[in-house]
Amino acid sequence: MAREFQRGHKAKLSDLTPGTDLYVGVQIAAPGLTFDISCFGLDANEQLSDDRYFIFFNQPKSPEESIQLLGAQSGDTESFRVTLDRIPAAIQKLSFTATIDGPGQMSQVGPGYIRIVAGGEEVVRYAFTGSEFTTERAVMLGDFYLKDVWRFAAVGQGFDGGLEALLKNFGGEVAEEEEAPAAPQAAPGFAPPAQATAPPAFAAPPAPPAPQPAPSFGAPPAPAPQQPMHAAPTIAAPLTPQAPPSPAPYGQPGHQPPQPPQPQFGQVPGQIPGQHPGQPAPPAPTPPYGQPAPAPYGQPAPAPYGQPAPFGQQPPGAPQGVPQGLPAAGAGLHAALQLYKETATGQRWTPQNKQLMRVDLTMGGAGVLARQGSMVMYQGKVDFGYKGAGFVGRVVGNATGQEMQLMRCTGRGQVFLAEEGSYLHPIELQGDAICVSAESVLAFDESLQYEVRRVEGHGIPGGALFTMQFQGTGTVVIKTHGTPVVLPVTPTTFADCNAVVAWSAASQVIVSSQVRLRRNAYPGHSGETVNLQFRGAPGNFIVVQPYEV
């Protein structure tokens, strides 16, 4: 039976099907609208570094045919064949998208879906409707991404700019199609008069029907109708480097004067062959009007006006990387701002830097619970509400020290979260569980289940007898002071209770005291009185920060 995904849901493909030769079908339609459905093969940086892996109507397959465009069939507007075993290692992600060819908005589409079929049986489906979008003209439907193993994610993120904006998001460009010049018509030659009955004209045999996929592939059985023709401009991303232009004629703009020849062995630099060493050198020839004078021998030639000089050749005091002759505030300011540009990866949670996290509420459907006062900026229509723990929750929080003051973030937009410059780390849970101290939690998906868990032992100073356990499918963002270290759990793993941040829920944690109490009365003891000992099977871990709370 097919699993129904919601926006933001993810799963390992091995949990859905053992097959690797998959059929991907997309159904999207709206009255009067035409759609282009494509697949982007992206690298580890989620960029289209090889335009041969942009699969669309003008390029229906990848070089090794691991991704193939099959056309409309079995009730799907468009379909693909994806053979995961044949995808090159450089391709880390396959993003399936739909864009509107012509005027229109995604809010006009009817109920649609993207589905995966393996061996003729549908294994997963993500359904969507036009009510989930507004003025968008392109939408990212679903992703295959490689994270130790291949996984599938239901995305459902829209773009206002259509295919061009989507292509630029993946690092590509749109190439304008040039019209070919009309061939001159040849003068009419000798020809006999037309016959009364013209002979039958040459006609090619009718094209064979579209081939059906092989039985081992497992596409849904149905006749394949003719694929609709498109009139969209050719897409090329990234563009093929242009050949260098031929040099301009001498004296024309763009012409560079020839460089002086290298001196022969024993010749003084700058001396003309045959010239006596004591004879003065003739004056340098005057360059044509508008051309820069050649530099003295051994000196770098000056860069043309408005062009940046090579690295290391700027005059003293000039900022590096700024074109000569231009104000430093222009290019320097633009370059500086590019370093801090917002990062958009198409995921629900995206770190902007080590200390700032962005969550996209338009993905995933459920709201987000965040620590009160952690919002530093937001975009779109976002509602912030108080999240109360209830009477029982307040009693438990006060008794255990694991009380969290939370706010609920809902709506359609992006929220940026941070707190006191702490380092932030998103941890994605897929049915597993993790234990985190309430003081180390910044935000988490509302779909996660959380409860207070007791740590075994006789007692820990400061009331840290308890911790929070998060379980389910979603993401929890923890904060640390500095860069943490993740250690595997062994029978001899101990950690300071004030430095440990989180650990796997399957680990057994007990309190261990390495120093006897009677020695605490004497000055000069180590101060390390209470530690936590971790035990567990291989695969368990702990997260420790370089800071004691």
* Whether Q355 side chain and G421 backbone form a donor-acceptor pair below 3.5 Å -> yes
* Does I542 reach the side chain of V486, with side-chain heavy atoms less than 4.5 Å apart? -> no
* Tell me yes or no: between the side chains of E64 and S66, is some donor less than 3.5 Å from an acceptor? => yes
* Asked: Distance from I55 atom CD1 to C39 atom SG, nearest 0.5 Å?
  -> 6.5 Å
* Should V415 and V359 be marked as a side chain to side chain contact (heavy atoms under 4.5 Å, CB included) after you check the CA-CA gap, both sets of side-chain angles, and the distance that decides it? -> CA-CA 5 Å; V415 181; V359 54; 3.9 Å; yes
* Given side chains that start at C-beta, do those of E419 and L417 come closer than 4.5 Å, heavy atoms only? -> no
* To do: Give the ring-plane orientation class for F40 versus F170, where under 30° counts as parallel, over 60° as perpendicular and anything between as tilted.
  => tilted
* **Test item: L42 and L48 side chains (from C-beta on) under 4.5 Å apart, heavy atoms** => yes
* Asked: Taking all atoms of both residues into account, what is the closest heavy-atom pair of I28 and F128, and its distance?
  -> CD1-CE1, 4.2 Å
* T410 side-chain N/O to G367 backbone N/O, donor-acceptor pair under 3.5 Å -> no
* Tell me, do L429 and I434 make a side-chain contact under 4.5 Å, heavy atoms counted? -> yes
* Asked: Distance from Q471 atom CD to Q449 atom CD, nearest 0.5 Å?
  -> 6.5 Å
* To do: Nearest 0.5 Å please: distance from the CZ atom of R86 over to the CG atom of D21.
  => 8.5 Å
* Asked: Parallel, tilted or perpendicular: which fits the ring planes of F5 and F152, with parallel below 30° and perpendicular above 60°?
  -> tilted
* Backbone of M106 reached by a side-chain donor or acceptor of Q108 within 3.5 Å -> no
* Asked: Any donor and acceptor pair, going by atom type alone, linking the side chain of Q59 with main-chain N or O of D51 inside 3.5 Å?
  -> yes
* **Minimum heavy-atom distance between N169 and Q47, given as atom pair plus value** => O-NE2, 3.7 Å
* **Expected output: side-chain D445 to main-chain S447 donor-acceptor under 3.5 Å** => no
* Find out whether F416 and E342 are in side-chain contact, i.e. whether some heavy atom of one side chain is under 4.5 Å from a heavy atom of the other. => yes
* To do: Give a yes or no on whether the backbone of A89 and the side-chain of Q92 come within a donor-acceptor separation of less than 3.5 Å.
  => yes
* To do: Give a yes or no on this: more than 12 heavy atoms of other residues, nucleotides or ligands lie within 6.0 Å of atom OH of Y378.
  => no
* Side-chain H-bond candidate by donor/acceptor type, S504 with S507, under 3.5 Å -> yes
* **Residue pair Q372 / S374, side-chain donor-acceptor N/O under 3.5 Å** => no
* **Any side-chain donor near an acceptor of the partner, E428 and Q430, under 3.5 Å** => yes
* Asked: Does the side chain to side chain contact (heavy atoms under 4.5 Å, CB included) test come out yes or no for I427 and F470, once each step is laid out?
  -> CA-CA 11 Å; I427 300 178; F470 294 85; over 6 Å; no
* Salt-bridge test for E420 and K479: reply yes if a basic N is under 4.0 Å from a carboxylate O, no otherwise. => no
* **Least distance between heavy atoms, Y113 atom then G75 atom** => OH-O, 3.8 Å
* Can you check whether G482's main-chain N or O pairs, donor with acceptor, with T480's side chain at less than 3.5 Å? -> yes
* Sidechain-backbone polar pair: S79 side chain, G25 backbone, donor-acceptor under 3.5 Å -> no
* Looking only at atom types and distance, does a side-chain atom of R137 sit under 3.5 Å from a main-chain N or O of G102, one as donor and one as acceptor? -> yes
* If you round to the nearest 0.5 Å, how far is CD1 of I37 from CD of Q27? -> 8.5 Å
* Closest non-hydrogen atom pair, S38 against F54 -> CB-CE1, 3.6 Å
* Centroid separation F96 to F144 less than 6.0 Å -> yes
* Going by heavy atoms in the side chains, are Y23 and D76 under 4.5 Å from each other? -> yes
* Could you please spell out the steps behind the side chain to side chain contact (heavy atoms under 4.5 Å, CB included) verdict for Q347 and W349? => CA-CA 6 Å; Q347 303 294 332; W349 296 88; over 6 Å; no
* Asked: Under 4.5 Å between any side-chain heavy atoms of Y450 and L369, yes or no?
  -> yes
* For F384 and M407, work out which heavy atoms get closest and say how close. => CD2-SD, 4.1 Å
* Kindly indicate whether the side chain of R358, heavy atoms from C-beta on, has any atom under 4.5 Å from the side chain of Q414. => yes
* Asked: Okay, side chain of D143, backbone of A153: is any donor-acceptor separation there less than 3.5 Å?
  -> no
* To do: Begin from the C-alpha positions of F133 and Q105 and carry the test side chain to side chain contact (heavy atoms under 4.5 Å, CB included) through to its verdict.
  => CA-CA 8 Å; F133 310 105; Q105 299 177 354; over 6 Å; no
* **Separation between CD of Q352 and NZ of K341, rounded to the nearest 0.5 Å** => 12.0 Å
* Structure fact -> Nearest heavy-atom approach of F534 to A495 is CE1-CB, 3.9 Å
* About how many Å separate CE of M468 and CD1 of I478, when rounded to the nearest 0.5 Å? -> 14.0 Å
